[in-house]
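Here's the structure we're looking at; comments come further down.
Numbered from 1 within each chain, the chains take letters A, B, ... in sequence-line order.
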Protein chains: 10
Amino acid sequence: MLYCVEMEVVVPPGTDPDTLARLKADEKARAQDLQRRGQWLHLWRVAGRYANVSVFDVESHDALHDILSTLPLFPFMTLRVTPLARHPSSLA
Amino acid sequence: MLYCVEMEVVVPPGTDPDTLARLKADEKARAQDLQRRGQWLHLWRVAGRYANVSVFDVESHDALHDILSTLPLFPFMTLRVTPLARHPSSLA
Amino acid sequence: MLYCVEMEVVVPPGTDPDTLARLKADEKARAQDLQRRGQWLHLWRVAGRYANVSVFDVESHDALHDILSTLPLFPFMTLRVTPLARHPSSLA
Amino acid sequence: MLYCVEMEVVVPPGTDPDTLARLKADEKARAQDLQRRGQWLHLWRVAGRYANVSVFDVESHDALHDILSTLPLFPFMTLRVTPLARHPSSLA
Amino acid sequence: MLYCVEMEVVVPPGTDPDTLARLKADEKARAQDLQRRGQWLHLWRVAGRYANVSVFDVESHDALHDILSTLPLFPFMTLRVTPLARHPSSLA
Amino acid sequence: MLYCVEMEVVVPPGTDPDTLARLKADEKARAQDLQRRGQWLHLWRVAGRYANVSVFDVESHDALHDILSTLPLFPFMTLRVTPLARHPSSLA
Amino acid sequence: MLYCVEMEVVVPPGTDPDTLARLKADEKARAQDLQRRGQWLHLWRVAGRYANVSVFDVESHDALHDILSTLPLFPFMTLRVTPLARHPSSLA
Amino acid sequence: MLYCVEMEVVVPPGTDPDTLARLKADEKARAQDLQRRGQWLHLWRVAGRYANVSVFDVESHDALHDILSTLPLFPFMTLRVTPLARHPSSLA
Amino acid sequence: MLYCVEMEVVVPPGTDPDTLARLKADEKARAQDLQRRGQWLHLWRVAGRYANVSVFDVESHDALHDILSTLPLFPFMTLRVTPLARHPSSLA
Amino acid sequence: MLYCVEMEVVVPPGTDPDTLARLKADEKARAQDLQRRGQWLHLWRVAGRYANVSVFDVESHDALHDILSTLPLFPFMTLRVTPLARHPSSLA
């Protein structure tokens, strides 16, 4: 099932630079691992903001929550989750 | 270039049913034509709302505007356009 | 899978009373049918507003959309859909 | 009487990890105790956010406030309380 | 139990003046009847707006909803309902 | 003259517990003193939030501001002030 | 006492032009009469919008409401009322 | 002096097509006349919406209001006006 | 030219009291100096909030920005600037 | 291609003054360099706020993101990006 997820990251002032760098690296590794598994279907950068528009393909809300809530940058994120159904005009 | 476009349709009360049916048919035909051309890349239905999340792949803002502003249901739409850049963690 | 759905109904001024009465009756029949099937799990009235808080148990976003978008009062509704996962503290 | 309560938890940056772990454990114990008493009727996780949708069954506003305001994580919570009445279409 | 209820009335353009006058008279009669019964505890006009701030004293959410949803002007109202508990500093 | 005042208190993370306890005690004493003078007419707790709905009866905006701005918890408060006029349907 | 009042006028589509012209003329006459009485202290146009920022000097909330609610264009207005107190840095 | 003005046009349902066509033609003629005078400095279409971002160069707020409030489509517009000062980093 | 400026001051937690007292004194001195020059035309306190409604009379946006951005409390302020034109009904 | 970008800067309390001064200097140098390259087409200060309205002329969303996300003050910025198309009434 598909979910559109918008994630905006706000890093709290005073966050230790090394910690942040490690979190970002872990985030990238997780994101790429999930893409290889076909769960993180699309990942686009919102031009001009530390945010992304993503589409996940997972089998349940629980699966989605387990993925999102364990992303390394999750504590710094504001997320908007939109469940996507099949559009009657879609040729996909 | 990629644009994420969210479209919500609100049909004014009292709209003539036949007119609406024709507009919807024209909208479907346009959407499918644009998908065949590779311009309307993704088209998903927002579950529970008369709205969609779409991704367009066109060469300029003007091209995007020409497409969106001539959609048959455009007068009934509220749109949110988000330019999408390449995400550094994306494997696409 | 569980979805929390909040529905607010705004009846356009000038709506024909008989049409409205019929729509409301159809809506009630649909709602009760869906409850008997176990799909419309909870249906509560928001005290003081023509709105409800509901929980649906259906197998996919598409199933949810098919139900909600064909509710007789759907054209008069504003909906908010929240996918619900299992809470780690829940005993259910 | 039923209340729908949405709780979103935002943990302030720099919160001591041990303190947070203890608060979370206490919160879980409280939540499960209240569920056993039948007061915390439903507890669902909002997929993708550190938030929940809950339904409480208590005898008064005061009882609800005493419960919510003494939850261990209350100081980190933003809450929305919606009093729920019986829906005329509900079969419950 | 106490509920703070804010009501804002927006009369749709083109509403028949006589109908509106009758609705207003009925609304006034209802409001005064409910005050005599001690259910509509306080009724204040928001200075500068066709709105009021009220406090109701009724025994349940259902009772509140039955009163509010059957007010003659209810179809023209936007309502905000806030359940009120006893304040620890209150001398009342 | 009557003013409806909604106050929401947000205590900044890291506030010294003793300082906060003292502020709360001072706030309670002030609130009760103002109630005895008949200036703080009504004080209700918003169920589920560290907030209150109050009604003040004072002779001018300046008097209201002097009271509110010198409340011990004022620096942690977000306030909404609504001037209340006599409602034509009120029996009070 | 001083009140800052922002008024935005939205004329419903299809309003009869003559009726509107008469209402506008009545509104102007009222506004100028209230200015001569010293009650409508300041009246400025918000550049670019059919809106104004005004300051009223009247003796009570009730007086303010009586004035505002009987303005000819009141049914087309959205108003925001802010009670103004004396500023400690003001030389007025 | 420079003003950034965002204009969003919403045409009421049921507007007579000929009237709308005439208004649009008049709007275009006015816009082009104001551009030739150097008052309407920039006029860009917001991609995907019946809206524009403009910059006006006029000598006063009054001049700006006279221009905007007499635009043929003004009754259908929602406007946001932002006064622009010289930016210390600007090379213009 | 006239500008309505609303300023809300939020002092960050942990701000050194002496620094704050000095800033407030400087702010008062600046405000009174600008009033004597006729630039800060009106300065009213919003009853119940650490905010003011002001009207400035200066010759340009740049002049306004220079004044506001150099106010001692500017770093703690949220401002809303509204350019004011002459109202056709104003007798001033 | 043109993008309207609104940037609001909020400097976190406690930011080291020297660091801030250096960041501001770097920001100015970057902005002026981008203007010389014709990429930062317009840069205006929003009168009364630590914000600007800018227009960028770059060849893609990615180019825009690379510029904005590497601005020295980017971590303190809230940005709104609006893709601009050619307006049919524009003479430019």
Answer yes or no: is there a donor N or O on one side and an acceptor on the other, between the side chain of Asp62(B) and the main chain of Arg86(J), under 3.5 Å?
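Yes: the side chain of Asp62(B) pairs with the backbone of Arg86(J).
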So, does His61(J) use its side chain to make a donor-acceptor pair with the main chain of Met1(B) at under 3.5 Å?
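Here the side-chain-to-backbone pair does not exist.
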Measuring heavy-atom distances to chain B, does Leu84(J) have an atom under 4.5 Å in its side chain, in its backbone, in both, or in neither?
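Looking at Leu84(J), just its backbone touches chain B.
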Within-4.5 Å side-chain heavy-atom neighbours: Val81(B) and Pro83(J)
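The answer is yes; the side chains approach within 4.5 Å.
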